[in-house]
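Have a look at the structure below before the remarks.
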2 protein chains.
Amino acid sequence: MALEIPEVVIDRLPIYVRALTVLERQGRDVVNSQELGGKLGVTPAQIRKDLSYFGRFGKQGRGYNVKRLLEELHQILGITREWSMVLVGVGQLGRAILGYGGFAPQGFRIVGAFDVDSAAVGERVDGLEVKSIDVLPEEMRQLRAQLGIVAVPAASAQQVIDMLVESGVKAILNYAPIAAHVPPDVRIKDIDPVLALQSMTFYIKESGAAP
Amino acid sequence: MALEIPEVVIDRLPIYVRALTVLERQGRDVVNSQELGGKLGVTPAQIRKDLSYFGRFGKQGRGYNVKRLLEELHQILGITREWSMVLVGVGQLGRAILGYGGFAPQGFRIVGAFDVDSAAVGERVDGLEVKSIDVLPEEMRQLRAQLGIVAVPAASAQQVIDMLVESGVKAILNYAPIAAHVPPDVRIKDIDPVLALQSMTFYIKESGAAP
DNA sequence: GCTACATTGTGCATGCGCGCGCAATCACAG
DNA sequence: CTGTGATTGCGCGCGCATGCACAATGTAGC
């Protein structure tokens, strides 16, 4: 036990959580790996293998108890508690992130907003007062957020990320179009819609039609 | 030749493009695989292997000509031309996408905006008239967009995706939190910040501190 | 023009994730 | 309490991506 769990496995768990949440809301009690896999485009064996890394949650002949499995996955992923996040960059993108309603229901709360540009500082956005990036370190001592969201231009992104890391942030959601460098104990995930588009055009570039 | 190229390789190419674009803007003429790999967190061998799928773009003893390699990658990915996209869902998220300035510089242009909710129909957002989802099929005959962006609630996402596919869209950027089903000849990429956060919390859940 | 050096391109081995296939196991019916 | 049917958990092999190591090759200096 306690063996190394592949990162791809961890990346799939939230997908399972999402599907199970829907099933729970529908009042379903049990689900088997085949049905769950069908919904997610994952093979049943894959799901069973993934879950077996953490324990035996299923019952032979029946499947998985939806509520039970959901609780286990929440425990595994560490999403039983609320997580505080700080946002850096309150431009157009940053404001959209602040207004996005998808975080709160999943227990992710933005508790601080910062900006490099002094023009935005002092403004109130979605109930949060925008503060200068300069006071980030001291503010972080009170906020104690372990998650950071970066929504600044590419040019200042690495610098901002360095500051977040120094302030104790352990995981970063990066919307800036750069490949950032972070210490090995800090997690970072990039969100860049342009990269997604550019990799898809490779596959469809032959299929005619004018722009 | 003409062998199957792994999807992971295709997914890395846009990252190379992004880094090379920065180098070109800095006036750099040549770059070797070691330096490029250092910037991107990729091993030099990985980069050389990836590029070797498509040809021999480097010069031994020197490295890669930045401009030349950039042109080749543009050609490979099919991003020499402009790509038209249609957006479905003009809520808070959809408006942010319409206003996002990161697409245009890379040749991705939103040419149509649609919504399920009739309240938004008729409104002008960022120079585009929002139209009803019902007229999507006929509008698409003129727009001829091959890319679609989905920014509707989870409940109606699959339905919207089906309509896009029927209207001839070949690749979809999906912001809705669902695992959508599409025919094998249609590409789809999901963007869900919540999934990214939930997989990162797994790794940092032990490191104390209150929410 | 020749030599020394640097870097690419690639055959090859390693490791790892994925999925098959089956035995173990549980529910349920009779 | 026993038999039947279904589904999990998992050992195992396959296939593929990754990275090493070296030969091939181009550059630059003298």
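Computed from heavy atoms alone, side chains included, the values below leave out hydrogens, waters and symmetry copies. In the text below, chain A, chain B and the rest are named by the order of the sequence lines, each starting its count at 1.
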Using whole Å, what does the distance between atom [atom2] of nucleotide [N] and atom [atom1] of [X] come to?
X	N	atom1	atom2	value
A:F54	D:dC10	CZ	C1'	16 Å
B:L51	D:dA17	CG	P	16 Å
B:I5	D:dC16	CD1	P	14 Å
A:R68	D:dT8	CZ	P	14 Å
A:L36	D:dT8	CG	C1'	14 Å
B:Q60	D:dA21	CD	C1'	15 Å

**Reported CZ-to-CG distance for the pair A:R56 and A:L51, which is rounded to 0.5 angstrom** =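 Between atom CZ of A:R56 and atom CG of A:L51 there are 12.5 Å.
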Of B:K59 and A:V9, whose closest DNA chain C nucleotide lies nearer the 5' terminus?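 Nearest-nucleotide comparison on DNA chain C picks B:K59.
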Using the closest heavy atom to pick a nucleotide of DNA chain C for each, name whichever of B:S52 or A:R62 lands nearer the 5' end.
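Nearest nucleotide further toward 5': that of B:S52.
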* Asked: Do the side-chain N or O atoms of B:R56 get closer than 4.0 angstrom to the phosphate oxygens (OP1, OP2) of D:dT25?
  ->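 No.
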(Q) Whether A:Y64 contacts D:dG9 is assessed here as follows: a side-chain N or O lying under 4.0 Å from the phosphate OP1 or OP2. Is that the case? (A)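 So the side chain of A:Y64 is within the cut-off, an N or O lying under 4.0 Å from OP1 or OP2 of D:dG9.
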If you take all heavy atoms of [X] and [Y], which pair is closest and at what distance?
X	Y	answer
A:A180	A:I188	CB-CD1, 3.9 Å
B:I97	B:A151	CD1-CB, 4.0 Å
A:E4	A:P6	O-CD, 3.6 Å
A:L173	B:P193	CD2-CB, 3.8 Å
B:I133	B:V116	CG2-CA, 4.0 Å

Tell me which residues in residues 42-50 of chain A lie within less than 4.0 Å of DNA chain D, going by non-hydrogen atoms.
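A:R48, A:K49 - these, ordered by number, are the residues of the stretch whose heavy atoms sit under 4.0 Å from the strand.
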Check your understanding: Is B:D11 paired with B:K189 through a side-chain N to carboxylate O contact shorter than 4.0 Å?
Key ->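 Yes, charged N to carboxylate O under 4.0 Å.
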*asked:* Between A:E71 and A:K67, does any side-chain N to carboxylate O distance fall below 4.0 Å?
replied: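 Answer for the salt bridge query: no.
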(request) Under 4.0 Å from any heavy atom of chain B: name the first and the last nucleotide of DNA chain C that qualifies, 5' to 3'. (result)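 On DNA chain C, the outermost contacted nucleotides are C:dA6 to C:dC12.
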Quick one: is the NZ or CZ of B:K205 closer than 6.0 Å to the six-membered ring centre of B:F202, and within 45° of its axis?
->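 Yes, B:K205 and B:F202 form such a contact.
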